[in-house]
Visitor: 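Sharing a structure with you now.
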Amino acid sequence: MKQTFHITTFGCQMNEHDSETIAGMLSGLDYTPSASRNDADVIIINTCSVRENADHRFFGTLGQLKRIRKERPDLIVAVCGCMMQQQHVIDKLKSQYPWVDLIFGTHTIHRFPELLQNVRQERVKLVDVMEDSEEIVEGLPVRRNHPNKAYVNIMYGCNNFCTYCIVPYTRGRERSRDTEEILREVKELVKDGVKEITLLGQNVNSYRGTGRQGQRIEFADLITELDRIHGLSRIRFMTSHPKDLSDALILAYRNCPSLCPHIHLPVQSGSTSVLERMNRKYNREDYIALVERLRSVCPDIAITTDIIVGFPGETEEEFQDTLRLVEEIEFDSAFTFLYSIRKGTPAETFEDQVPEEIKHERFNRLVETVNRISAKKNATKVGCVEDVLVEGASKSNDRVYTGRTGGFKLVNFKGPEGSKGTVVSVRITDSNTFSLTGVVECDE
Ligand code: SF4
């Protein structure tokens, strides 16, 4: 009987893609995926250290595995991801969670097959974590979650040291993949039926590659090269930093037809003084000017963002600046977060931590504002025809589909059988805060 695996992933798209790579390596070892942890021979938990909530959920999930491991002593429990780059987490796992067999970090994913074989054969416990590494390992197998969409890592790490963020300490300094390797990978993906790629990195727009003639390749140049690949319909990227949003990249929205009219541009706060304390290296006016430039080049561009509420020292007036910015920019949507202390970051030591009840009260006001604007923006789409990449069919009715517009809006719509994986034109008939509804006008 084939051995089976189950992966639980916390966190961002980088982690989702790392899990696809882990699944690819396991498939190479002849493991098959299991729908439930209860039946899996290997359970992997890929962790995220960015928010406190993901920490809690990780330890909660790990606690549940104690019983399964007791019932099935042959089960192998492996944990990986950003949290494993923190010594205090490893110490806690060793002392309180003895049913964890294998710990590996973000820099040692490529060694996972070898580590797993060692744990299986020798029944030893292994920890394989590197503090930092310049190495980029190419050509690891990937088991994609979607046949027509793919994540492509273009860079790793971050040099920005925002004062609330643990990523530079867990993922290391920025290093960009070789441009030719990226182009080769994307061409292979397109041959394999992929229509949409999402370029991934903690700070994709600070990408610095090298071209075939040794010339420097900036992020906008990379987009231009990718746009030339025949058969690639859509290019997205995640996530970008406002300070690195160049004019060349803004112009790419006009010049590169496959670059989707959407940007996720985390603002984090609408207050210049808070942005300064966050070490974001731009101010409120800089951000507004960037949005104006983007909209002047691409009037229909969808702009989404991340906002942190209750950063240390945030006053009501500073929070009001954020609310005013949200009203002024009218984001298509926003991920809103309550600030939580991350051990080892500068903001951990900041005085004036905002009391929880104030954070929650501000958070609720922010969410109400963000949602009201999202509903209003979505309502402007009613009556329009949008190109939608069909991602899936509803479980109850195989002619009801879901997909995304170029502006990343979720659409539920009726269409002909077999639409999955195609790009179809959908007339939008209705909308709400989080999605659009429509009917197919014509096939691709
Ligand atoms: S840009 Fe700032 S928030 Fe983003 S990963 Fe780097 S340090 Fe963290």
Side-chain angles (χ1 to χ4, degrees), residues 10-18 46-55 81-86 105-107 131-134 136 151 153-177 198-208 218-219 236-246 249 263-284 286-287 290 303-312 314 322 325 331 334-350:
F10 295 105
C12 64
Q13 288 89 347
M14 297 280 283
N15 264 21
E16 271 179 48
H17 189 44
D18 282 350
N46 191 358
T47 64
C48 167
S49 55
V50 172
R51 318 237 172 252
E52 195 178 30
N53 186 24
D55 267 34
C82 293
M83 281 178 78
M84 302 311 127
Q85 296 296 136
Q86 298 171 282
T106 52
H107 304 296
E131 268 196 9
D132 202 352
S133 169
E134 286 295 307
I136 295 180
Y151 292 128
N153 271 121
I154 63 163
M155 61 168 310
Y156 301 87
C158 181
N159 293 347
N160 289 324
F161 292 93
C162 301
T163 52
Y164 52 84
C165 183
I166 193 72
V167 166
Y169 310 93
T170 58
R171 292 263 178 179
R173 295 298 78 73
E174 286 177 5
R175 52 228 184 264
S176 296
R177 272 182 77 196
T198 302
L199 305 174
L200 293 181
Q202 258 80 35
N203 189 13
V204 277
N205 50 343
S206 71
Y207 174 83
R208 300 276 181 277
E218 308 277 344
F219 185 57
R236 300 187 187 277
F237 56 87
M238 186 70 100
T239 194
S240 52
H241 194 298
K243 82 170 169 44
D244 295 311
L245 182 56
S246 65
L249 180 55
I263 187 164
H264 186 74
L265 194 62
V267 65
Q268 307 299 8
S269 169
S271 154
T272 292
S273 43
V274 173
L275 290 170
E276 216 167 282
R277 296 202 295 280
M278 288 176 165
N279 192 31
R280 291 290 290 174
K281 304 181 185 93
Y282 55 87
N283 61 31
R284 176 192 174 88
D286 296 334
Y287 190 90
L290 284 175
I303 300 177
T304 57
T305 198
D306 294 340
I307 302 171
I308 297 173
V309 177
F311 187 74
E314 183 191 70
T322 298
L325 184 90
F331 293 105
F335 292 113
T336 47
F337 303 98
L338 287 167
Y339 169 76
S340 59
I341 293 175
R342 301 287 67 209
K343 205 172 156 65
T345 60
E348 181 194 8
T349 61
F350 287 4

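Both ligands and their constituent atoms are indexed starting at 1 by order of listing.
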Visitor: Go through it in stages, so that I can follow the logic: the residues are Tyr282 and His241, the test is ring pair (Phe, Tyr, Trp, His ring centres under 6.0 Å), and I'd like the CA-CA distance, side-chain angles, deciding distance and then a yes or no.
Guide: CA-CA 10 Å; Tyr282 55 87; His241 194 298; 5.7 Å; yes
Visitor: Give the residue and atom name of whichever protein heavy atom lies nearest to atom 4 (Fe) of ligand 1, and the separation in Å to one decimal.
Guide: Gln202 O, 4.3 Å
Visitor: Could you check Asp244, Asn205, Val204 and say which one makes a side-chain contact (heavy atoms from CB on, under 4.5 Å) with Leu249?
Guide: Asn205
Visitor: Find all atoms of ligand 1 within a distance of less than 4.0 Å from any non-hydrogen atom belonging to Pro168, and give their numbers and elements.
Guide: 7 (S)
Visitor: For His241, counting its heavy atoms only, list the atoms of ligand 1 lying under 4.0 Å from any of them.
Guide: 1 (S)
Visitor: For Cys158, take its heavy atoms, then give the atoms of ligand 1 lying under 4.0 Å from any of them.
Guide: 1 (S), 5 (S), 6 (Fe), 7 (S)
Visitor: Judged by modelled atom types alone, do Asn46 and Asp18 share a side-chain donor-acceptor pair under 3.5 Å?
Guide: no
Visitor: Consider ligand 1: state whether an atom of it lies below 4.0 angstrom from any non-hydrogen atom of Arg280.
Guide: yes
Visitor: Does Arg51 qualify as a cation-pi partner of Phe337, given the criterion of NZ or CZ under 6.0 Å from the six-membered ring centre and within 45 degrees of its axis?
Guide: yes
Visitor: Quick test: of every protein heavy atom, which one is nearest to atom 1 (S) of ligand 1, and how far off is it to 0.1 Å?
Guide: Asn160 ND2, 3.4 Å
Visitor: Distance to 0.1 Å, residue and atom name: give those for the protein heavy atom nearest to atom 3 (S) of ligand 1.
Guide: Tyr164 OH, 3.4 Å
Visitor: Give the atoms of ligand 1, by number and element, whose distance to some non-hydrogen atom of Cys162 is under 4.0 Å.
Guide: 1 (S), 2 (Fe), 3 (S), 7 (S)
Visitor: Take atom CZ in Phe161; do more than 12 heavy atoms of anything else shown fall under 6.0 Å from it?
Guide: yes
Visitor: For Phe161, counting its heavy atoms only, list the atoms of ligand 1 lying under 4.0 Å from any of them.
Guide: 7 (S)
Visitor: Check ligand 1 against Cys165 and write out every atom of the ligand that is under 4.0 Å from a heavy-atom position of the residue.
Guide: 3 (S), 5 (S), 7 (S), 8 (Fe)
Visitor: Could you verify whether a donor N or O on one side chain and an acceptor N or O on the other, from Ser269 and Ser271, lie under 3.5 Å apart?
Guide: no
Visitor: Will you find, in the side chains of Glu174 and Ser206, an N or O donor that is under 3.5 Å from an N or O acceptor?
Guide: yes
